[in-house]
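This report refers to the structure that appears directly beneath it.
Remember, it's a predicted structure, so these values are computed and weren't measured experimentally.
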Amino acid sequence: MRNGAELYVVDPRRTSSARWAKLWLGLDVGSDISLANAMGREIIAAGLANEKFIQHATSGFEAYKSHVEKYTLERSERETGVPAEAIRKLAHAYARAPRAQICWTLGITEHHNAVDNVVALINLALLTGHVGRYGSGVNPLRGQNNVQGGGDMGAIPDRLTGFQHVENDELRAKFEKAWGVKIQPKRGWHLSDMFEAMDHDKDRGRLTTLYVLGENPADSEADRQRALRRLSGLGFLLVQDLFYTKTAELADVVLPAAAGAFESEGTVTSSERRVQRVRRTVPPPAGVRDDLDIIFDLARRLGHDWGAADPETIWNELRALSPMHGGMSYRRLEEMGGIQWPCYDESHPGEMFLHSRLWSEPLIGPRAPFSVVDFEPPVDELDEQYPIRLTTGRRLDDYNTGVQTRRYLSPLRSKEALDVSPEDGQHYNLRQGENVRVTSRRGSLVAPVRFDSGLRPGLAFLSVHAHDQIPTNDLTIDAVDPKSGTAEFKATAIRIEKV
């Protein structure tokens with residue numbers, strides 16, 4: 001890489017990114033915590049921990065140090081499949097680097113212990129002081145535009161706009177005053193809770209009505225056949241979308257919506273927290289309406305007149321309620337080409353990176369806590385009947401269920417197939433391109449075989465883009481992380497049989 005930077009890749013698959021790396025650590029799916037804990041132990045044992053930063057800005061270090069002591073390099077090699085020497089090299093390189101970032105995607109978060117995986121990585125940043133400084137930090141990479149913006153706006157079960165906690169009386173009160181309504185002072189449901197509530201009565205009752213905006217859960221949910229049964233059993237399903245999705249096929253009412261990228265006005269937020277303006281460049285087709293117009297019209301029909309659906313007026317209301325957006329007027333967003341939050345007032349330039357307060361003397365705000373987490377293997381266990389680990393994900397030129405991308409040709413796209421290692425192809429006497437039956441404990445499908453030298457024996461891969469051809473999520477397990485609500489899409493036990 002440029003300027004002497006080094007790339008280390010931790011991934012069960014030897015992806016194209018891994019081919020650029022100085023070192024690829026091909027770990028077993030779901031063993032990330034064991035690797036992170038062993039790295040932490042090695043950094044401490046080698047005297048590479050940033051003791052000054054730890055004492056100044058963190059809490060819980062002694063408990064963490066005691067906990068990771070059992071995660072020797074040899075133990076982690078057994079649990080991850082990564083050679084002990086490779087783990088040691090990565091630990092030393094990360095700790096000694098003048099600047100270092102840990103970047104991750106859904107390979108960390110689509111597990112039954114997703115949050116534990118993330119805090120295991122945060123522990124390493126705290127241990128070495130690679131946080132709160134230019135060029136150093138922890139960086140969850142987003143898979144699509146404005147994923148960050150959705151969270152910022154409050155699309156999280158226990159947060160209002162600007163990550164303000166709904167159970168905090170003082171924070172909640174200002175929203176109630178501005179909106180003229182009472183807000184329930186308790187955490188809502190995440191997506192997995194909602195699907196569970198379609199089946200069972202919960203403390204707030206069974207879920208019978210669903211309003212889906214720009215999402216396709218009929219294809220994107222784990223254990224897809226069960227998800228389809230639940231959606232089909234709803235009393236009323238309303239879908240608002242740019243496309244006629246599989247979910248829209250099940251709906252009682254479908255509201256055609258404009259494309260946010262070029263038929264609407266507003267803002268988006270990138271992975272680096274940069275809020276940018278979006279401008280309408282073409283009008284929506286006949287019969288299609290802007291999302292705001294639809295929502296405001298629904299409100300009127302429900303007895304609430306919110307006035308004109310003006311994006312800048314709504315944005316200014318948000319700025320008045322969310323301190324981290326306070327200085328982001330439309331004028332400044334346009335003049336500066338976007339602003340990174342937090343930006344507290346119109347004299348503030350925005351923050352290039354977060355958590356610099358941890359280096360201030362004296363320390364500003366609370367200490368950053370170490371977390372004690374343990375390795376747990378995937379829920380869907382391998383055995384003689386299901387001996388192969390299937391992991392799922394995206395291919396370069398497609399988004400999630402393919403709704404936005406599959407209808408367009410791409411020179412990069414090849415026919416969807418089950419990727420297996422050449423060694424497994426030989427073991428099962430398979431030919432490139434022949435159809436095989438892939439079976440998990442929840443379902444089965446037929447797919448052509450493609451050999452991928454980037455996969456190790458015992459590991460297979462399917463994308464989630466082409467459910468009309470290969471319904472990958474018929475196989476995946478709905479084992480949910482109780483903290484984040486994310487299902488374990490990355491670890492399914494399967495068997496492969498010739499058709």
Member of Thr405, Asp398, Asp397 meeting the side-chain hydrogen bond (donor to acceptor under 3.5 Å, both in side chains) criterion with Ser410
Asp397
Using modelled atom types and a 3.5 Å cut-off, is there a donor and acceptor pairing between side-chain atoms of Arg226 and backbone atoms of Asp474?
no
Side-chain donor-acceptor contact under 3.5 Å, Thr80 with Asp28
no
Residues that Glu42 engages under salt bridge (charged side-chain N to carboxylate O under 4.0 Å, His left out), provided they are two or more places apart
none
Considering all heavy atoms, the nearest Arg274-Gly337 contact:
CD-O, 4.1 Å
Taking NZ, NE, NH1 and NH2 as the nitrogens, is one of them in Arg75 or Glu79 under 4.0 Å from a carboxylate oxygen of the other?
yes
Any ion pair linking Arg395 and Asp419 (charged N to carboxylate O, less than 4.0 Å)?
yes
Side chain to side chain contact (heavy atoms under 4.5 Å, CB included), that's the test. Do Val438 and Val446 meet it? Break it down for me.
CA-CA 6 Å; Val438 186; Val446 174; over 6 Å; no
Run the side chain to side chain contact (heavy atoms under 4.5 Å, CB included) check on Asp223 and Ile477 step by step: do they pass?
CA-CA 5 Å; Asp223 197 354; Ile477 184 171; over 6 Å; no
At their closest point, which heavy atom of Trp189 faces which heavy atom of Asp193, and how far apart are they?
CB-CB, 3.5 Å
Taking the side chain as every heavy atom from C-beta outward, state whether Val464 and Thr401 have any atom pair closer than 4.5 Å.
no
Quick check: closest heavy atoms across Ala417 and Leu462, and the distance to 0.1 Å?
O-CD2, 3.4 Å
For the backbone of Asp468 and the side chain of Arg406, can you confirm whether one donor and one acceptor N or O come within less than 3.5 Å of each other?
no
Arg394 side chain vs Gly143 backbone, donor-acceptor pair below 3.5 Å
yes
State, yes or no, whether a side-chain contact exists between Arg13 and Thr391 at a heavy-atom distance under 4.5 Å.
yes
Neighbour count above 12 (heavy atom, 6.0 Å) for Arg431 CZ:
no
Write down the atom of Met194, the atom of Leu207, and the distance for their closest heavy-atom approach.
O-CD2, 3.4 Å
Hey, is the main chain of Phe375 close enough, under 3.5 Å, to the side chain of Tyr71 for a donor-acceptor pair?
yes
Ionic contact status for Glu497 with Arg495, cut-off 4.0 Å
yes
Is there a donor-acceptor pair closer than 3.5 Å between any side-chain N or O of Ser421 and the backbone N or O of Asp424?
yes
Looking only at heavy atoms, the pair that brings Pro12 and Arg456 closest together is O-NE, 3.5 Å
Can any side-chain N or O of His130 pair as donor or acceptor with the backbone N or O of Tyr94 at less than 3.5 Å?
yes
Distance from Leu213 atom CG to Asp241 atom CG, nearest 0.5 Å?
8.5 Å
Below 3.5 Å, can you tabulate the donor-acceptor pairs from side chains in residues 364-372 to any protein atom, sequence neighbours excluded?
unit_1: Arg367; atom_1: NH1; unit_2: Gln55; atom_2: O; d: 2.8
unit_1: Arg367; atom_1: NH1; unit_2: His56; atom_2: O; d: 3.3
unit_1: Arg367; atom_1: NH1; unit_2: Thr58; atom_2: O; d: 2.9
unit_1: Arg367; atom_1: NH2; unit_2: Gln55; atom_2: O; d: 3.4

With sequence neighbours left out, what residues match Phe451 under ring pair (Phe, Tyr, Trp, His ring centres under 6.0 Å)?
none
Does any N or O in the side chain of Arg273 come within less than 3.5 Å of the main-chain N or O of Glu351, such that one atom is a donor and the other an acceptor?
yes
Can the ring centres of Tyr8 and Trp24 be said to be less than 6.0 Å apart?
no
Show the numbers, then the answer: is there a side chain to side chain contact (heavy atoms under 4.5 Å, CB included) between Leu418 and Ile496?
CA-CA 10 Å; Leu418 175 73; Ile496 300 173; 3.7 Å; yes
Can you find a heavy atom in the side chain of Ile44 that is under 4.5 Å from one in the side chain of Tyr64?
yes
Pairs involving residues 139-156, ordered by first then second residue, that meet side chain to side chain donor-acceptor pair (under 3.5 Å) (sequence neighbours left out):
Arg142-Gln148, Gln148-Asp152, Asp152-Trp341
Test: Asp374 and Lys70 ion pair at under 4.0 Å:
yes
Would you say the side chain of Pro217 lies within less than 4.5 Å of the side chain of Val212, judging by non-hydrogen atoms?
yes
If you look at every heavy atom in Val119 and Val373, which pair is closest and at what distance?
CG2-CG1, 3.6 Å
Counting neighbours of CD on Glu249 that are heavy atoms of other residues, nucleotides or ligands and sit closer than 6.0 Å, is the number greater than 12?
yes
Determine, step by step, whether Arg230 and Glu196 satisfy the salt bridge (charged side-chain N to carboxylate O under 4.0 Å, His left out) criterion, reporting the C-alpha distance in whole Å, the side-chain angles of both residues, the deciding distance to 0.1 Å, and the verdict.
CA-CA 9 Å; Arg230 288 170 164 175; Glu196 196 68 24; 3.4 Å; yes
Can you check whether Val118 reaches Ser484 side chain to side chain, under 4.5 Å on heavy atoms?
no
Student check: side-chain heavy atoms of Leu7 and Leu23 closer than 4.5 Å:
no
Is a side-chain N or O of His112 found less than 3.5 angstrom from the main chain of Pro378, in a donor-acceptor match?
no
Within the 3.5 Å criterion, strictly below it, is a donor on Thr476 or Asn473 matched to an acceptor on the partner's side chain?
yes
Check ion pair Glu85-Arg88 (N to O, under 4.0 angstrom)
yes
Ion pair present between Lys246 and Asp219, side-chain N to carboxylate O less than 4.0 angstrom?
no
Only counting residues at least two apart or in another chain, list the ones meeting ring pair (Phe, Tyr, Trp, His ring centres under 6.0 Å) with Trp104.
none
I'd like to know if Arg187 pairs up with Glu167 as an ion pair, taking the criterion as any Lys NZ or Arg NE/NH1/NH2 lying under 4.0 Å from an Asp or Glu carboxylate oxygen.
no
Do Thr128 and Asn50 have side-chain N/O donor and acceptor atoms under 3.5 Å apart?
no
Keeping Thr392 on the side-chain end and Phe489 on the backbone end, is there a donor-acceptor pair under 3.5 Å?
yes
Regarding Ser220 and Asn400, is there a side-chain donor-to-acceptor distance under 3.5 Å anywhere?
no
Looking just at side-chain N and O atoms, do Ser463 and Glu416 make a donor-acceptor pair shorter than 3.5 Å?
yes
Close side-chain approach of Thr267 and Val278, heavy atoms under 4.5 Å
no
Would you mind telling me which of His190, Gln164, His165 makes a side-chain contact (heavy atoms from CB on, under 4.5 Å) with Asp158?
His165
Could you tell me whether the side chain of Asn113 and the main chain of Asp481 form a donor-acceptor pair under 3.5 Å?
no
Please test Leu127 against Ile54 for side chain to side chain contact (heavy atoms under 4.5 Å, CB included), starting from the C-alpha separation and ending with a verdict.
CA-CA 7 Å; Leu127 185 63; Ile54 292 169; 3.9 Å; yes
Applied to residues 434-449, the side chain to side chain donor-acceptor pair (under 3.5 Å) test, sequence neighbours excluded, yields Asp380-Arg441, Asp380-Arg442, Asp383-Arg441, Glu434-Lys498, Arg437-Ser444
Pro342 and Leu354, any side-chain heavy atoms less than 4.5 Å apart
yes
